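What follows is a short report on a single structure.
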Amino acid sequence: MTLDVVAATGSHVDDLGPEAVVLLRHPPTGVTAIVVVDNTASGPAIGGTRMAPDVTVEEVARLARSMTLKSAAARLPHGGAKAGIVADPTMPAADKEAVVRWFAGAIRDLRSYIPGPDMGTDERCMAWVHDEIGRSVGLPAALGGIPLDELGATGFGLAIAAEAAAAAGAVVLDGARVAVQGFGAVGRHVARFLSQRGATLVAASDSQGALIDPAGLPVDELISWSRAGHPLVAFDGAGGADRVDREALIAVDCDILVPAARPDVITEANVDDVRTRLVLEGANIPLTAKAEAVLHDRGVLCLPDWIVNAGGVICASVEHAGGTRALAFAQIEETVRANTATVIAQSAETGELPRDVADRLALGRVREAMALRRSYG
Ligand code: NAD
């Protein structure tokens with residue numbers, strides 16, 4: 001019989017997973033948390049712990065499956081999982097520490113899950129988790145961590161994916177016009193790494209609005225400004241730029257569009273506005289399946305999230321194994337380049353959507369690992 005809690009994971013129930021759907025509640029405060037361990041055939045599952053007031057079981061399950069596929073595609077010795085703490089991440093620091101330490105204690109015996117940072121949590125939170133249970137990734141450098149968001153591991157991988165797309169003839173990086181939605185840990189770094197490869201940042205947005213300038217925005221200055229906590233639209237060093245609503249970024253005329261903010265930002269409702277040649281999916285599940293299909297029919301190359309944004313989890317996996325940042329970046333480069341090239345080549349050969357090729361690749365690897373494990377027999 002399907003338990004209600006498993007049913008709440010939506011359509012993400014099949015022979016792969018989930019292996020565990022755990023609901024936790026802290027009676028004194030009423031704070032709740034969700035952990036979905038999707039599949040651990042390749043090893044214990046690394047996955048972010050998200051803190052948001054509106055996080056749901058279905059969202060966590062969907063992201064956990066995405067982590068299974070991402071780790072499998074990257075051939076990491078890890079499965080897929082995700083967690084969500086239903087709380088406001090901007091609560092006072094002492095309260096946040098208490099909540100995170102409670103969460104860590106509550107998952108002490110859920111050894112198949114290794115927490116990492118995600119929306120609303122950071123390396124400091126992971127240090128608290130590690131302090132409680134000795135198990136987390138994305139730790140501060142002082143605890144042997146590789147600061148993946150500070151170094152831009154995911155943004156680096158996205159730039160490598162863009163190189164692979166350029167090698168396949170999908171774009172020319174020198175002079176490419178880039179639009180980045182979301183100017184956080186992923187967005188800032190992809191803008192930086194792509195501009196180092198000759199591209200021009202023509203638009204960038206954050207939660208408060210978008211800056212658009214076809215002549216190019218000053219990437220380094222914009223990063224410093226945004227890092228200091230200022231909204232992009234208040235940046236005064238972009239004289240000729242238009243300051244517009246954040247939604248306008250999707251429709252910017254560009255060569256490379258990088259959604260790097262939230263899920264489901266390009267849907268059937270706005271996909272016709274998209275004017276680009278290449279979509280690099282920096283965020284997790286930023287496009288609906290229908291939107292990807294529409295763009296594919298229009299000849300726009302959409303490179304799937306868990307192929308091109310795997311830099312963060314590769315870095316976390318290297319950290320977990322005791323490796324160095326140089327090793328992490330070398331592994332990101334090798335893996336993301338090879339996977340992106342394979343997906344583009346097979347999609348061109350068969351006409352399939354890149355995501356369908358990527359699904360086949362990753363699912364094949366998960367099933368291969370499952371066949372080698374007694375617990376899946
Ligand atoms: P972040 O919190 O550092 O930055 C998010 C940015 O998006 C901020 O600039 C915020 O203002 C902006 N934003 C929020 N809503 C927006 C909207 N509607 N329109 C435009 N901008 C908006 O987060 P991050 O670590 O950069 O992650 C971004 C996305 O990428 C998330 O979906 C995350 O799950 C995914 N991701 C992150 C990593 C990583 O290594 N950090 C790896 C893989 C996937």
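First listed ligand is number 1; within each ligand, the first listed atom is number 1. As the structure is a prediction and not an experimental result, all values here were calculated from the model. For the numbers below, each heavy atom of this structure counts, side chains included, while hydrogens, waters and symmetry mates do not.
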Show me the donor-acceptor pairs, under 3.5 Å and distance only, between side chains in residues 79-92 and residues at least two apart or in other chains.
from : atom 1 : to   : atom 2 : distance (Å)
K82  : NZ     : D118 : OD1    : 2.7
D88  : OD1    : T90  : N      : 2.9
D88  : OD1    : T90  : OG1    : 2.7
D88  : OD2    : T90  : OG1    : 3.1

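Judged as a side-chain contact (heavy atoms from CB on, under 4.5 Å), and not counting sequence neighbours, the contacts of P77 are S317. Partners of A166 according to the side-chain contact (heavy atoms from CB on, under 4.5 Å) rule, which considers only residues two or more places apart in sequence or in another chain, are V171, L173.
For ligand 1, the protein residues placed under 4.0 Å by at least one non-hydrogen atom are R50, K70, L148, D149, T154, Q181, G182, F183, G184, A185, V186, S205, D206, S207, R246, A260, A261, R262, G282, A283, N284, N309.
Checked by atom type and distance alone, the side chain of T121 never pairs as donor or acceptor with a backbone atom of M51 at under 3.5 Å. For the pair T288 (side chain) and A291 (backbone), a donor-acceptor distance under 3.5 Å is present.
I332 and V137 end up in the same hydrophobic cluster when Ile, Leu, Val, Met, Phe, Trp and Tyr side chains are linked at under 4.5 Å.
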